[in-house]
Amino acid sequence: MLLCLDMRVAMHFRKMAREAKVFERVGVIVSGCFGGAEAFDALHYKDLAGHPVVIVPGSTREKLKGAEEWAKRCAKEGAESVGVYPWPIIVPGMPVLDDSCPQGPWQKELWGRAVYLDRVELPSKLAQDVCHQSIATADYRGWMASVGLVSVPTEEVRESKGTIPFLRLGDIQGEEPGGTHVLTLDILITSRYTTLIWGCSNAGKSWVAIQLALAMAGGFYAFGLPAMAPRRVCYLDGEVGAEDFKARCDQLLQDNPDAQVLVNQNLSIVPQSGLNILDGGCSREVIELLRQAKADVLVIDNLLSLAPSAAKSNADGLFNFVRQVEQAGIAVIIVHHSGKDGTSFKGSSDLASLSQNVIRLDGREQLASLEDKSPQLEKVCQADGPVVRMTVAKCKAAPQLERKSCTYHLPVHGGWQHVEGALDDFDQSLKSEACSNESRVVDAPASLEVNMDSLSPDEEKVFHALKEQKSTRAELETRTGLKTDKLLNTLQQLTKRGLIVKEGNGKATYYRCV
């Protein structure tokens with residue numbers, strides 16, 4: 001159970017959770033407390049007994065400190081376990097911290113990870129994230145001391161940091177036995193798993209990394225796997241250069257113009273500029289910029305340019321940097337070169353042992369030298385444009401992917417074309433959709449039971465326009481008078497509700513009612 005102590009957050013989050021059927025999906029109940037701290041002694045806590053509870057306090061110093069007492073009271077009244085989610089959750093109309101306000105270290109730490117409910121695409125994922133990122137009551141005072149919220153004697157902090165946590169088996173939330181899940185980029189690329197992509201020169205490493213970045217920023221397919229919601233992606237480019245990077249993005253997005261607005265909003269690039277992310281000052285600046293940008297994913301392309309010492313010898317400094325980034329809730333993708341013989345990557349083997357996902361890329365030169373090539377592979381090896389075979393050497397999030405591979409061809413001025421192989425046999429309807437349109441925007445699955453009275457005015461306007469006749473996005477802009485970004489958001493919401501579907505490719509893409 002999520003107990004929100006700010007009623008504005010509680011009411012907004014509850015409405016989203018009810019519409020998205022969060023309880024049915026992930027077993028999380030969103031609740032709230034009217035009256036805040038003043039209601040502390042008047043509340044009946046019996047409904048919390050026997051259940052895991054996460055407290056979501058307000059974002060002021062007093063409210064964050066007060067959450068400790070709430071947690072203790074819940075535990076005393078029989079809650080199975082209690083944690084505190086410390087990062088601000090913001091609803092429209094709430095005051096937020098801006099650059100004009102004096103900021104202490106704790107404020108920068110917190111507001112760098114604020115969640116804005118009006119930007120959330122998947123309420124069920126947010127509910128899970130709140131549970132996973134909560135801080136246990138026993139560790140909460142040490143956390144407050146670490147960010148400067150409270151002063152704790154040195155010995156107490158040292159003792160807290162040195163405490164080894166023990167978990168009962170029943171406290172660990174796992175997957176239901178026998179459950180089937182769609183494998184997505186959101187599951188593979190998270191702050192819990194570092195991803196290493198490596199291959200020879202001219203194997204298409206940057207092309208692959210840029211395609212993944214675009215898919216996550218725009219919420220669409222890449223190499224047969226869907227991104228279920230847009231994420232903010234920061235791309236450290238030590239390889240391509242700003243103009244070529246833009247040209248590659250334009251090429252890879254040409255079959256999916258609807259994603260352009262989301263990509264423009266969510267993808268940022270730090271172009272080739274002699275960065276060394278292992279330099280102390282540079283690493284701190286990069287991490288601070290990531291927090292300010294509220295980044296969800298960081299792509300490092302590539303180690304030879306951006307972390308040369310890690311690419312040649314000791315990887316400890318690199319993974320110290322990576323751990324700091326991931327502790328801020330940001331997933332990390334590392335792009336790296338192979339050695340001269342092409343059979344392994346440059347530098348320490350720790351690069352693989354410290355990464356949870358490892359993907360090897362073989363390019364045209366390696367694939368053309370194979371003796372038992374399929375006719376399809378033989379054909380694309382003789383065509384222009386990159387040819388890439390991706391082989392999963394290691395995957396903690398989805399072990400069923402290990403040793404699987406797939407091959408794609410990128411024609412000059414075209415988009416990726418599937419040649420052979422598949423990474424995972426996920427849901428067949430999604431799989432056929434992926435094969436027919438790799439770049440298509442994917443919206444989060446939602447219930448088909450829709451209350452038409454719950455449609456917003458914009459949703460109702462678009463829905464009735466599509467009931468009259470199927471239309472392209474450009475035609476809908478003319479018919480409804482909605483601007484591109486608002487129209488795209490409305491189309492996504494209607495698709496989630498199962499009221500409309502998107503069909504066709506490229507400029508022939510259109511929407512229609514189900």
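Keep in mind that what you see is a predicted model, and the values were worked out from it rather than measured. Hydrogens, waters and symmetry mates are skipped; everything else that's a heavy atom, side chains included, is used.
Counting only distance, with no hydrogens or angles, the side chain of S134 and the backbone of C131 share a donor-acceptor pair below 3.5 Å. Remark: side-chain polar atoms of D296 are paired, donor with acceptor, to backbone N or O of R232 under 3.5 angstrom. Proximity of a side-chain donor or acceptor of E402 to a complementary backbone N or O of C395 within less than 3.5 Å is detected. Side-chain atoms of H409 come within 3.5 Å of backbone N or O of D384 as a donor-acceptor pair. One N or O on the side chain of S369 and one on the backbone of Q366 form a donor-acceptor pair closer than 3.5 Å. Remark: the backbone N or O of L377 is paired with a side-chain donor or acceptor of S374 at under 3.5 angstrom. Of the possible polar contacts, none joining the K502 side chain to the Y510 backbone as a donor-acceptor pair under 3.5 Å is found.
Side-chain atoms of W87 and V130, non-hydrogen and from C-beta on, never get closer than 4.5 Å to each other. Side-chain contact between V462 and L491: present, with at least one pair of heavy atoms (C-beta onward) separated by less than 4.5 Å. For the pair M1 and V54, the minimum side-chain heavy-atom distance is 4.5 Å or more. In this structure the side chain of Y235 never reaches within 4.5 angstrom of the side chain of V270, judged on heavy atoms. By the 4.5 Å heavy-atom criterion applied to side chains, D118 and V91 are not counted as neighbours. The shortest side-chain heavy-atom distance between L370 and R389 falls under the 4.5 Å cut-off. Within the 4.5 Å cutoff, side-chain heavy atoms of D129 are placed close to those of K125. Using a 4.5 Å cut-off on side-chain heavy atoms (C-beta onward), V120 and F13 make no contact.
The minimum heavy-atom distance between L267 and A217, with the atom names listed, is CB-CB, 4.0 Å. Summarising the geometry of R248 relative to W207, their closest heavy-atom pair is CG-CH2, 3.4 Å, with the distance given to 0.1 Å. In this structure, L188 and N357 approach most closely via the heavy-atom pair O-ND2, 2.9 Å. Minimum heavy-atom separation, V208 to M390: CG1-SD, 4.3 Å. R479 and E468 get closest at one heavy-atom pair: NH2-OE1, 3.0 Å. Smallest separation of non-hydrogen atoms from E326 and S191: CB-O, 3.4 Å.
Counting non-hydrogen atoms of other residues, nucleotides and ligands closer than 6.0 Å to CG of N320 gives a total above 12. Counting heavy atoms of neighbouring residues, nucleotides and ligands inside a 6.0 Å radius, atom CD of E24 exceeds 12 of them. The environment of E420 atom CD is dense: over 12 non-hydrogen atoms of other residues, nucleotides or ligands sit within 6.0 angstrom. The environment of CD in E475 is crowded: more than 12 heavy-atom neighbours from other residues, nucleotides or ligands sit within 6.0 Å.
Every residue two or more places apart in sequence or in another chain that forms a salt bridge (charged side-chain N to carboxylate O under 4.0 Å, His left out) with E477 is listed here: R473. The salt bridge (charged side-chain N to carboxylate O under 4.0 Å, His left out) search around K394 returns none, not counting sequence neighbours. Contacts of T343 classified as side chain to side chain donor-acceptor pair (under 3.5 Å), with partners at least two apart in sequence or in another chain: D341. Every residue was checked against the side chain to side chain donor-acceptor pair (under 3.5 Å) condition with D244, not counting sequence neighbours, and none meets it. Partners of S283 under the side chain to side chain donor-acceptor pair (under 3.5 Å) rule, at least two apart in sequence or in another chain, do not exist in this structure. The side chain to side chain donor-acceptor pair (under 3.5 Å) search around S268 returns none, not counting sequence neighbours.
A side-chain donor from one of S206 and D301 sits under 3.5 Å from a side-chain acceptor of the other. No side-chain donor-acceptor contact under 3.5 Å links E239 and S305.
Ion pairing of D362 with R360 is present here, as a side-chain N (NZ or NE/NH1/NH2) and a carboxylate O approach within less than 4.0 Å.
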>> Quick one, H336 with L196, criterion side chain to side chain contact (heavy atoms under 4.5 Å, CB included). Give me CA distance, side-chain angles, the key distance, then yes/no.
In response: CA-CA 7 Å; H336 190 31; L196 174 66; 4.0 Å; yes
> For H337 and S201, what are the C-alpha separation, side-chain angles and deciding distance, and is it a side chain to side chain contact (heavy atoms under 4.5 Å, CB included)?
Replying inline: CA-CA 7 Å; H337 283 275; S201 296; 3.8 Å; yes
> Hey, mind stepping through V501 and R512 against side chain to side chain contact (heavy atoms under 4.5 Å, CB included) and telling me if it holds?
Replying inline: CA-CA 6 Å; V501 294; R512 65 172 178 81; 3.6 Å; yes
> Between I210 and C249, is a side chain to side chain contact (heavy atoms under 4.5 Å, CB included) present by the stated rule, with each step listed?
Replying inline: CA-CA 7 Å; I210 292 171; C249 289; 3.9 Å; yes
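Results of the side-chain contact (heavy atoms from CB on, under 4.5 Å) test with I334 over I197, L351, N302, L318 single out L318 as the only residue that passes.
In this structure, W416 and F223 have perpendicular ring planes: the angle between them is above 60°, well past the 30° mark.
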